[in-house]
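Scroll down for the structure; my scribbles are underneath it.
Remember, it's 1-based here, ligands and their atoms both numbered in the order they're listed.
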Amino acid sequence: MRTYIYIIAALLYVCVSCTPEKPEVFLSAEERSLIPYPNEIATSDQGFLIDENTTVYAGTRLESQAIAQRFLQRFEKASGWILPSKNESKLAKNSIHFVLDPNAIEISNDEGYLLKASKDRIIIRAKTMAGLHMGIQTLYQLLPDAIAAATVTPAVVWAVPGVEIQDAPTYEYRGAMLDVARHFFSVQDVKRYIDLIASYKINKLHLHLTDDQGWRIEIKSWPKLTEIGGTSAVGGDQGGFYTQAQYRDIVAYAKLHHITIIPEIDMPGHTNAALASYPELNCDGKARALYTGMKVGFSTLCVDSEVTYTFLDDVIRELAALTDGDYIHLGGDESHVTPKKEYNLFLTKAQAIVKKYGKNVMGWEDIQSAGISDEAIVQHWTNSEIATLGAKQGASVVLSPAPKTYLDMKYTKETKIGLTWAGVTPIDSAYIWNPRTLLKDVPSSQIIGIESPLWTETVRDMNAIEYLAFPRLIGHAELGWSKEDNIGWDSYIERLKKHVNRLKIKEVDYYPSPLLEE
Ligand code: TNX
């Protein structure tokens, strides 16, 4: 008898522990992990199931058809299914709709969208392509994790929970910065970074293209900048540069992901690579040696000489022609060996050249001393008072406070890669701050967004980029996009824990913070 009881008990135990996991179809929107969290979300238990006959209606506009094609390609990669698609909009059953409606009054913002998933269909509606793109990023997050995979995962139930989402960004500027000057990163690496950041609705990629250790963009009228200045990198590592054709390719790829590239030529300091390439850019007429160390603040263009401005005009003219966005970033930080008066004179002239070529000026907060226009953007990184002086001149402000947003700061003292000059930045610290109140004396209307810079003195390859950026950058993306009411560490960390599986599927070499385990 006893034996029977044991057997029954054992069988019961096995049955309980072998209960299949809840099928994906029953996962709720809450159980999926939406980051950045959308503004309004209503859920129902009537979700949508994609099967091999689900038809994608792309509408009659070429633009929405193009975006539907990209969705179809991603879905095919992950599922192996080529879904039928139609270039019309008929509200049939078992369908997915991408609706571009420039007059949609219910959508307040160009990047905003509405997403409705119910038993019969999924509809994403937006005013612009950017809005549709943002809606599709949310749709990917509502689908099973396997949607992120590079190859087919068999036997996935492609279920989308029943939702009605109304969403739009809080800030228009949601950026990441990559320093390709201290170490050079290939076009392929930059494209992977674009792929990764786009899925969190980031819309700007600032490329720090020049610094003491390397000049990374071909300038046809000054070819030695890359022939000489492009060869070095920190630690004597391999240099490199983008030809203009390669750079255009990056700009186009970013555009496809609704990301604007903001190119930075740092000046008048941080210019040793240029000073090594052309002796005439130095006041003493002598070329500097290439530099592979990590110090800052020792170099300067020769502010008094005519040729410096010919150089500047040529560089900005060529760069403006490669730039589809409105802004060129002039750097302007840490020019410790340029006398103040000369620094201001130089930046006044440099700003006029940027305007002459039809672009607006962005710069580190330091540039405000030269006098800036109300169309300029100052990027706050270390000194609140100086950034505030920039805002007082009417400029817009992008926030990159180093202790919170510098992705090159270490997570803890023990983590291998990174620096610590602004402290260490674990993932909670990177998330817990308020862009609205960071600069007390700047009206919130002048804060246009946030950006997460990744300086690469200690970063030698793509794995190291991923390790420092992920997961901190994901939190920054939420701070830039979501409403204040929807921002909170307790909710975020739970969503992030669930989201980690996607990072694994995408083979992102993220930092496995202990906070993801608790
Ligand atoms: C400060 S941020 C710099 C960079 C360094 C970075 C290292 C800024 C405007 N200047 O030149 O790479 O610190 O964290």
Enumerate the atoms of ligand 1 whose separation from the nearest heavy atom of [X] is less than 4.0 angstrom.
{"X": "Met409", "answer": "14 (O)"}
{"X": "His270", "answer": "11 (O)"}
{"X": "Asp408", "answer": "7 (C), 14 (O)"}
{"X": "Trp364", "answer": "9 (C)"}
{"X": "Leu419", "answer": "7 (C), 14 (O)"}

* Does NZ or CZ of Lys349 fall inside the cone over Tyr309's six-membered ring, less than 6.0 Å from its centre and within 45° of the axis? ->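 Satisfied, under 6.0 Å and within 45°.
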* Cationic tip of Lys340 above Tyr343 ring, under 6.0 Å, 45° of axis ->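 Yes, Lys340 and Tyr343 form such a contact.
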* **Ring centers of Tyr193, Phe185 separated by less than 6.0 Å** =>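 Centroid separation for Tyr193 and Phe185: 6.0 Å or greater.
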[atom]: which protein heavy atom is closest, and how many Å away?
{"atom": "atom 3 (C) of ligand 1", "value": "Glu334 OE1, 3.4 Å"}
{"atom": "atom 5 (C) of ligand 1", "value": "Glu457 OE2, 3.4 Å"}
{"atom": "atom 11 (O) of ligand 1", "value": "Arg182 NH2, 3.0 Å"}
{"atom": "atom 2 (S) of ligand 1", "value": "Tyr406 OH, 2.4 Å"}

When you measure from the side chain of [X] to the backbone N and O of [Y], does any donor-acceptor pair fall under 3.5 Å?
{"X": "Tyr278", "Y": "Lys224", "value": "yes"}
{"X": "Gln446", "Y": "Val397", "value": "no"}
{"X": "Arg472", "Y": "Thr425", "value": "yes"}

* Option set Thr420, Val234, Asp333, criterion heavy-atom distance to atom 8 (C) of ligand 1, minimum ->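 It is Asp333 whose heavy atom sits nearest to atom 8 (C) of ligand 1.
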* ring pair (Phe, Tyr, Trp, His ring centres under 6.0 Å) with His499: which of Tyr492, Tyr200, Phe470? ->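 Among the candidates, only Tyr200 passes.
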